[in-house]
Amino acid sequence: MKIILAADHGGFDLKEIIKDYLSEKYEIEDLGTYSTSSVDYPDYGIKAGEAVINGVADKAIVFCGTGIGISIAANKVPGIRAALCHNVEYAKLSRQHNDANILALGGRFLSPQEAINIVEAWLNTDFEGDRHQKRLNKINVYERKH
Ligand code: RB5
């Protein structure tokens with residue numbers, strides 16, 4: 001599985017930690033940012049979203065200070081379901097119920113170990129389909145109309 005990573009300056013440090021952790025098991029493409037110099041999270045959220053929708057990778061993990069801005073940006077790309085997850089339970093539910101294709105993390109609010117636990121849970125939990133698919137279909141229909 002290939003995983004895209006992207007962050008603004010607020011998420012840069014955590015992105016680097018997760019990149020080191022995941023590189024042993026997965027193919028990683030890092031879309032930046034590549035330092036703690038100030039940048040704008042929409043550039044990275046949208047870039048990560050487009051990469052997933054264009055099939056460059058199966059999933060993406062995005063980071064900013066809170067995870068809020070970059071998840072909002074990624075969710076503007078039609079077909080993206082970016083979930084901001086604060087703990088392992090959120091991560092599992094975002095896969096089981098929402099088929100989240102992007103995980104968003106807040107670099108200023110998670111310890112490295114908390115983030116690793118969330119990432120592991122997210123990558124290793126499957127979508128449950130059924131009634132949840134019916135709900136996602138409603139989002140897909142809305143996106144196609146607008
Ligand atoms: C940058 O200072 C910060 O606003 C950004 O990383 C993020 O938290 C926005 O939602």
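Order of listing sets the numbers, starting from 1, for every ligand and every atom in it. When a residue number appears, it is its place in the shown sequence, counting from 1. All heavy atoms count here, side chains included; hydrogens, waters and symmetry mates do not.
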Atom 10 (O) of ligand 1: closest protein heavy atom, distance to 0.1 Å, is Gly69 N, 2.9 Å
List the steps and the verdict of side chain to side chain contact (heavy atoms under 4.5 Å, CB included) for Glu16 and Asp30.
CA-CA 9 Å; Glu16 296 305 295; Asp30 182 354; 3.8 Å; yes
Looking only at protein heavy atoms, which one is nearest to atom 1 (C) of ligand 1, and what is the separation?
His9 NE2, 3.5 Å
Mind checking whether Thr66 contacts ligand 1 via backbone (N, CA, C, O), side chain (CB onward), both or neither, at a 4.0 Å heavy-atom cut-off?
both
Short question: side chain of Asp8, backbone of Gly11 - any donor-acceptor pair under 3.5 Å?
yes
of all protein heavy atoms, closest to atom 7 (C) of ligand 1 is Cys64 SG, 3.4 Å
Atoms of ligand 1 under 4.0 Å from any heavy atom of Tyr41, numbered from 1 in the order shown, are 9 (C)
So which of Asp8, Leu84, Asp40, Val39 gets nearest to atom 6 (O) of ligand 1, if we judge by its closest heavy atom?
Asp8
Show, in sequence, the C-alpha distance, side-chain angles and deciding distance for Phe127 and Gln96, and conclude whether the side chain to side chain contact (heavy atoms under 4.5 Å, CB included) test is met.
CA-CA 4 Å; Phe127 178 49; Gln96 289 169 339; over 6 Å; no
Do any side-chain atoms of residues 44-56 form donor-acceptor pairs under 3.5 angstrom with protein atoms, and if so which ones, sequence neighbours left out?
unit_1	atom_1	unit_2	atom_2	d
Lys47	NZ	Leu31	O	3.2
Asn54	ND2	Glu50	O	3.1

Contact list for residues 107-116, test side-chain hydrogen bond (donor to acceptor under 3.5 Å, both in side chains), sequence neighbours left out:
Ser111-Glu114, Gln113-Asn117
Among non-hydrogen protein atoms, atom 2 (O) of ligand 1 lies closest to Arg108 NH1, 3.4 Å
Taking it one step at a time, do Ile102 and Ile61 satisfy side chain to side chain contact (heavy atoms under 4.5 Å, CB included)?
CA-CA 6 Å; Ile102 294 190; Ile61 306 174; over 6 Å; no
Hey, does Gly65 come in under 3.5 Å of ligand 1, counting only N/O atoms on both sides?
yes
